[in-house]
Number of protein chains: 2
Amino acid sequence: MRADAQRNYARLLAVAEEEIALNGADASLEQIARVAGVGSGTVRRHFPNRHALLAAVFRDHVETLCAHARDRVGRPDPRAALLEWLNAVTTSAATIRGLAMALNRDQVTGDEHEHCATGQLTEAGEPLVRQAAAVLAPGVTIADLLALITGIALATEHHPDPAAEANRLLSLAVTGLSPAP
Amino acid sequence: MRADAQRNYARLLAVAEEEIALNGADASLEQIARVAGVGSGTVRRHFPNRHALLAAVFRDHVETLCAHARDRVGRPDPRAALLEWLNAVTTSAATIRGLAMALNRDQVTGDEHEHCATGQLTEAGEPLVRQAAAVLAPGVTIADLLALITGIALATEHHPDPAAEANRLLSLAVTGLSPAP
DNA sequence: TACGATACGGAGACCCCCGCCGTTTAGCAA
DNA sequence: TTGCTAAACGGCGGGGGTCTCCGTATCGTA
């Protein structure tokens, strides 16, 4: 990779992060190019489509969450371990503008990319779910949990305090909105 | 309302319904105008903004759900009554393309319109929630339930059988993903 | 230093949203 | 039936976005 390409890549990533934080997952690529001071062709060369850009922007965040999950494998209390992680994921999804939509989008694409955000989170979270299987409702999968979390994050995007609201909804779902009598 | 205006309104509504079923809540207004064989100004006159169009298109569906709720007020088993209604809402939100996004959008706008879709569903569902309060987790509101449902519907939009998947997730949330030990 | 590969910038084609305004037409009244 | 007027229509123009493509500038090496 040429030096100028590297510079532009880094610059674009930084600008994209700001712009997405400001305007959500469908921020204008054109605008990002303008702010970064490069031609629109350049952003498109580094990131062929919006999905690629989102993946790059959120890569670190996702990686952090995955590490968080791995740390919790083998903990003495599997239920607590899983719930802590789910809370962390929820907080990120609700706080980091655009992340929830990005996760939702690549669930749609059907995980053809093993290394997409949802794929990574699935892989990292699966052991936690397996460990906690005994205390989970039968049939619950890591995919279910991630779908629910992205859904909750999308639905609470507007709220004054999205993270708090999202976590509250998640807690309700975990313990049961209306447990059987 | 003039006769030609009435004709165009009806025609636009029909075309919009198809187009939204095909392309989701952000179908092209321009395209709708083309298919309906009217100028783009006409669609904009009848529906000043996208939200107005969505509201009109989904009005009947929402009204049906509200009636469904009113039917169930006063039933002997309040829990069953509420859950049946929640399932119905979930099925609609997951099946009718664009509805979930529309509901989500007007939760965002903050219900300044009392008669918007979410507002109507809130009003209709509130008695069911009140009735069932004794068997609900403390603090659960009708707004929470609707938010959760729209979130679930958004998250399962891609699934081969969205309604089944959405209802499954809802059931899990109702009985608890991992009820406390 | 010269050269080839690589990356850059932006023009062009296409689509969409939105506001505006000249023209047509429905429906009423004479 | 015939005029008339307000309401409704259609589409143009401006602004912006996406995506493709190609001539040009630049980097890194021989």
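Atoms considered below: every heavy atom in the structure, side chains included; atoms not considered: hydrogens, waters and symmetry mates. A quick note: this is a predicted structure, and the numbers were derived from the prediction, not measured. Throughout, a chain's letter reflects where its sequence line sits, starting with A, and its residues are numbered from 1.
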Considering only distance and modelled atom types, tabulate donor-acceptor pairs under 3.5 Å from the side chains of residues 126-139 of chain A, sequence neighbours left out.
residue, atom, partner, partner atom, Å
A:Glu126, OE1, A:Arg130, NE, 3.2
A:Glu126, OE1, A:Arg130, NH2, 2.6
A:Glu126, OE2, A:Arg130, NE, 3.4

Against B:Gln107, only a single residue in B:Thr150, B:Thr118, B:Thr122 fulfils side-chain hydrogen bond (donor to acceptor under 3.5 Å, both in side chains); can you say which?
B:Thr150

NZ/NE/NH1/NH2 to OD/OE distance under 4.0 Å, [X] and [Y]:
X: B:Arg59; Y: B:Glu17; result: no
X: A:Arg11; Y: A:Glu18; result: no
X: A:Asp4; Y: A:Arg2; result: yes

Please give, in whole Å, the distance from [N] [atom2] to [X] [atom1]?
X: A:Arg45; N: C:dG9; atom1: CZ; atom2: P; result: 8 Å
X: B:Phe47; N: C:dC16; atom1: CZ; atom2: P; result: 18 Å
X: B:Asn49; N: C:dC16; atom1: CG; atom2: C1'; result: 16 Å
X: A:Met1; N: C:dA7; atom1: CE; atom2: C1'; result: 10 Å
X: B:Leu29; N: C:dG19; atom1: CG; atom2: P; result: 12 Å
X: A:Ile32; N: D:dC19; atom1: CD1; atom2: P; result: 12 Å
X: B:Glu30; N: D:dG16; atom1: CD; atom2: P; result: 17 Å
X: B:Leu53; N: C:dC17; atom1: CG; atom2: C1'; result: 14 Å

Does any N or O donor sit under 3.5 Å from an N or O acceptor when you compare the side chain of A:Arg2 with the base of D:dT26?
yes

Can you see if the side chain of [X] gets near the phosphate of [N] - specifically, an N or O under 4.0 Å from OP1 or OP2?
X: B:Ser28; N: C:dC15; result: no
X: A:His46; N: C:dA7; result: no
X: B:Thr42; N: D:dG10; result: yes

If you pin A:Val38 and B:Gln31 to their nearest nucleotides in DNA chain C, which one's is more 5'?
A:Val38

Return the nearest nucleotide to the side chain of A:Ala3; candidates are C:dG9, D:dT20, D:dG28.
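Nearest to the side-chain atoms of A:Ala3, counting from C-beta on, is D:dG28.
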
Nucleotide nearest B:Ser40 (side chain, heavy atoms from C-beta), chosen from C:dC16, D:dC12, C:dC8:
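The nucleotide sitting nearest to the side chain is D:dC12.
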
Residues in contact with DNA chain D, drawn from residues 4-27 of chain B - heavy-atom cutoff 4.0 Å:
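Under 4.0 Å from DNA chain D: B:Asp4, B:Ala5, B:Asn8.
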
Dump the intermediate steps for side chain to side chain donor-acceptor pair (under 3.5 Å) on A:Thr91 and A:Asn167, then the final yes or no.
CA-CA 7 Å; A:Thr91 300; A:Asn167 276 302; 3.0 Å; yes

Could you tell me whether B:Arg50 contacts a base, only the sugar-phosphate backbone, or nothing, with contacts defined as non-hydrogen atoms closer than 4.0 Å?
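The residue B:Arg50 makes sugar-phosphate contact but no base contact.
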
Report the residues that fulfil ring pair (Phe, Tyr, Trp, His ring centres under 6.0 Å) with A:Phe58, sequence neighbours left out, ordered by chain and then residue number.
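Once residues adjacent in sequence are excluded, A:Phe58 has no partner under the ring pair (Phe, Tyr, Trp, His ring centres under 6.0 Å) criterion.
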
